[in-house]
Amino acid sequence: MPQGKPESVPDDGLTTRQRRNRPLLIVHTGTGKGKSSAAFGTALRAWNQGWPVGVFQFVKSAKWRIGEERALRVLGESGEGGTVAWHKMGEGWSWIQRPGTEEDHAADAREGWEQIKRDLAAETYRFYVLDEFTYPLKWGWLDLDDVVGALTGRPGGQHVVITGRDAPGRLIEAADLVTEMGKVRHPMDAGQKGQRGIEW
């Protein structure tokens, strides 16, 4: 097992174990592919530890059947690791025209965020995936002060992973771990659409 060595040890009065087990706020952003995939890979690790996992998808349509959902639901019901709850917020507003106004979609996002705040306060899950959550922030549908305050003030040992392009600077500053996925080449650049088994 690799042994990471910190660049500096803060004078915070915590033991190495206490510092090591602090809950993390993680952001996967950037223009490259793999932000959600990385988050769901980490969710598999959380499931393996027996942690309850809550997934909240903010942009992907409730009608889409994606592989990560099926796999994590089956694992969550297996009784071998943690439980898995999957929540879809909306109708795929960023890419697909759906019935309803932008305000309807914004209201759905606000409702989803209110549920997450309730779950954070109740410590419902140990691990959260807020998939494509940067978009309702970018579009101004959610109050950034409220989001950053709730995430940084969450109780207990709850880990949160947020995915999506264009993560706001204040969210990045508040996060403990930020990865920016960069695109070098993508099949869509050559006119190839997403395919089964790769994108879903």
Hey, what do you get for [atom1] ([X]) to [atom2] ([Y]), rounding to the nearest 0.5 Å?
{"X": "Leu24", "Y": "Asp176", "atom1": "CG", "atom2": "CG", "value": "5.0 Å"}
{"X": "Ile162", "Y": "Thr29", "atom1": "CD1", "atom2": "OG1", "value": "10.0 Å"}
{"X": "Leu151", "Y": "Gln158", "atom1": "CG", "atom2": "CD", "value": "10.0 Å"}
{"X": "Trp139", "Y": "Thr134", "atom1": "CH2", "atom2": "OG1", "value": "8.5 Å"}
{"X": "Ile116", "Y": "Leu130", "atom1": "CD1", "atom2": "CG", "value": "4.5 Å"}

**Request:** Using the six-membered ring wherever Trp is involved, compare the ring planes of Tyr128 and Phe56 and label them parallel, tilted or perpendicular (cut-offs 30° and 60°).
**Result:**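 Answer is parallel, since the angle falls under 30°.
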**Message:** Quick one, Gln57 with Trp86, criterion side-chain hydrogen bond (donor to acceptor under 3.5 Å, both in side chains). Give me CA distance, side-chain angles, the key distance, then yes/no.
**Reply:** CA-CA 8 Å; Gln57 287 191 299; Trp86 202 282; 2.9 Å; yes
**Asked** Are the side chain of Trp113 and the backbone N or O of Leu142 linked by a donor-acceptor pair below 3.5 Å?
**Response**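 Flag not set: sc Trp113 to bb Leu142 has no pair under 3.5 Å.
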**Message:** Please tell me whether Trp51 and His159 form a close aromatic pair, meaning their ring centres lie under 6.0 Å apart.
**Reply:**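 Between Trp51 and His159, the centre distance is under 6.0 Å.
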**Item:** Minimum-distance pair of heavy atoms, taken over all atoms of Phe58 and Pro136
**Value:**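 Taking Phe58 first and Pro136 second, the nearest heavy atoms are CD2-CG, 4.0 Å.
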**Message:** If you compare all heavy atoms of Val27 against all heavy atoms of Ala167, which two are closest, and at what distance to 0.1 Å?
**Reply:**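 Between these two residues, the closest heavy atoms are CG1-CB, 3.8 Å.
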**Request:** Might you work through the side-chain contact (heavy atoms from CB on, under 4.5 Å) test for Gln49 and Arg126, ending with a clear yes or no?
**Result:** CA-CA 10 Å; Gln49 294 300 318; Arg126 179 83 188 271; over 6 Å; no
